[in-house]
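Counting from 1, the numbers follow the sequence of the chain as shown. Just so you know, ligand 1 is whichever comes first in the structure, and atom 1 is the first atom listed for that ligand.
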Amino acid sequence: MNTILLVEDNANNASLLEDVFSYDDIPARLAYVASGEEAPRLAVSIQPVLILMDLRLPGIDGLETTEILKRNPLTRDIPVWAITAYAMPGDEEKARAAGCEEYFAKPLSMRRLGDRLRDFLQALEKTESREYAST
Ligand code: MN
């Protein structure tokens with residue numbers, strides 16, 4: 001089963017996301033890390049198919065963490081979706097400039113996020129089966 005890595009310092013937000021995965025039937029395992037410092041090493045070792053990145057993190061923030069991930073050949077191809085609780089003007093542009101492919105501002109529509117996650121995983125599965133068929 002594919003793993004999605006959540007980088008989020010707020011345990012309540014993390015458990016909301018966990019609920020989306022368990023109740024909405026998202027066919028992936030959710031791994032969770034609470035700081036940007038720990039995220040790059042964990043991403044290298046577990047190779048998630050997607051990273052959900054809270055932008056406001058203590059220490060290294062989500063933008064910087066994304067930049068670190070995008071500089072590392074071992075993690076740069078993993079898509080990063082930004083999630084932010086306190087959206088400020090220009091945040092989306094900054095997130096995209098740092099390398100985030102998608103941007104979700106809170107209050108998060110869990111249904112929308114769940115739908116996007118399902119679409120993403122479905123597209124991934126198709127790509128993987130195509131690659132398998134062509135080898
Ligand atoms: Mn936060």
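- Within Asp9, OD1 is the N, O or S atom that lies nearest to the Mn ion (ligand 1).
- The aromatic ring centres of Tyr103 and Trp81 sit 6.0 Å or more apart.
- One of the N, O or S atoms belonging to Asp54 lies under 2.8 Å away from the Mn ion (ligand 1).
- Residues Val7 and Leu63 are members of separate hydrophobic clusters, defined by side-chain heavy-atom contacts under 4.5 angstrom among Ile, Leu, Val, Met, Phe, Trp and Tyr.
- Note: the hydrophobic cluster containing Leu113 also contains Val49 (ILVMFWY, side chain heavy atoms under 4.5 Å, direct or indirect links).
- Residue side and main chain included, Leu57 places no N/O/S atom under 2.8 Å of the Mn ion (ligand 1).
- Contact of the Val44 side chain with the Asn72 side chain is registered, since non-hydrogen atoms from C-beta on lie closer than 4.5 Å.
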